[in-house]
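Just so you know, ligand 1 is whichever comes first in the structure, and atom 1 is the first atom listed for that ligand. Quick caveat: nothing in here was measured; it's all calculated off a predicted structure.
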Amino acid sequence: MIGKGTQTRLRLALYPKAEMAVRSGHPWVFADSVKSQNRPGVTGELAVMYDRKDRFLAIGLYDAESPIRVRILHCGKPSTIGREWWLEKARACLARREGTVLKDGTDGARLINGESEGFPGIVADRYADTLVVKIYAAGWLPHWEEIEGVFREVFSPDHLVLRLSRNITAKAAEMGITEGFRGEPGDETVVFSENGIRFEAAVLHGQKTGFFLDQRDNRARVEALSGGRDVLNVFSFTGGFSLYAARGGARSVTDLDISRHALESAARNFSLNPSLTAVERHSVQADAFGWLEEAEGKYDLIITDPPSLAKREAEREGARCAYARLNAAAMRRLRTGGILVAASCSAHVSADEFLQAVETAARESGRPWRELWRSGHAPDHPAAFREAGYLKAVCLELG
Ligand code: SAH
């Protein structure tokens, strides 16, 4: 590991508030929470944090350039972090999914969910025999070879793809680490199954790791509500909700997305599932906000699952208004007895704020309405701290 041997161990003292946050399980130490350190740190080395009484507090990955200065790996008693440690963590992640998320009919799942599972800044998604690892924090780069070996040993993928978040690609290139297949190359589009429905994942170039696995359970909920309904899937991406609606017996499904590529992928996904192609299908390439407000036609079930509308804290207020406006427009397109499934993946908008925006839109519609359910991510996306719980969904029935 970097920093080993040649230099003394990097030691940090934290301000009391940060110390308390770390003790209560928060996985990040921000740069302005570091009171002092024994020497400048190097990105990727292990930093040991001490409490006010100079007792071991936690150990984490240091990042000299990021405002998140340390990502906590372990808090409590001193522990040795190395290959054995990673192996044990990765095995625990796999064990939590085997027989639960990963079962007959489902070979696509998130295997490692970053901070919430002991790998802060890394996610690993499995699509059939391909493992896609996405690294979000530069601190992992010096450890990548070791981590790759651990993932290969525990997850035994036939193919492994490395993806890097944009802010670390330059640093990675300096270290000779680039995106793409590692070892044996595979196809850039991988077909996998989710609850018995086949989908393609664009593992090399698609958004995130190629598919949105976090909506798996909400899709199954939509399937259960779709019988005999005209379904509109707004921000349909590759048609996830639409295929489930078709299997649930929808009368028709309409995909609405601004991206032609996304709509084409949805069409291919239908072709991968011949038993679902009988449903009446429509595809609309348009800006969802404008189309919902201007076009005509009514539906019995509408799903709104936009991309994040608040990438920064400063965009939070605007995002709340956008959710209200979007869902108000969707409600106007619902027939009597129609159902709205509204989702938000904006980490900066809390569940309460999002629910309030949707409920305000429902109240202002002047129609009677009731909530059928609310939910978050599928269980392979555990959220161990507040910021990790980005996905929320609510389902309303309108009279
Ligand atoms: N619901 C999807 C994920 C949605 S991702 C699923 O379950 O897999 C967000 C999608 O919104 C992307 O496909 C993107 O192309 C689309 N999009 C972004 N801005 C849009 C806009 N203004 N109008 C319509 N679609 C938009």
Between Arg163 (side chain) and Gly206 (backbone), is there a donor-acceptor pair under 3.5 Å? yes
What short N/O contacts, under 3.5 Å, does ligand 1 make with the protein, listed by atom pair and distance?
residue, atom, partner, partner atom, Å
ligand 1, 1 (N), Phe235, O, 3.2
ligand 1, 1 (N), Asp305, OD2, 2.7
ligand 1, 7 (O), Arg219, NH2, 3.0
ligand 1, 8 (O), Arg219, NH2, 3.3
ligand 1, 13 (O), Asp257, OD1, 3.4
ligand 1, 13 (O), Asp257, OD2, 2.7
ligand 1, 15 (O), Asp257, OD1, 2.6
ligand 1, 22 (N), Asp287, OD1, 2.7
ligand 1, 23 (N), Ala288, N, 2.8
ligand 1, 25 (N), Ile258, N, 3.1

Report the relative orientation of the aromatic rings in Trp144 and Phe151; use parallel for angles under 30°, tilted for 30 to 60°, perpendicular for over 60°. perpendicular
Establish, yes or no, whether a centroid distance under 6.0 Å links the rings of Phe235 and Phe212. no
Given Ile122, Val123, Asn167, the one that forms side-chain contact (heavy atoms from CB on, under 4.5 Å) with Tyr136: Val123
When you measure from the side chain of Arg110 to the backbone of Asp214, do you find a donor-acceptor pair of N or O atoms at a distance under 3.5 Å? no
So, do Trp85 and His74 have ring centers that fall under 6.0 Å from each other? yes
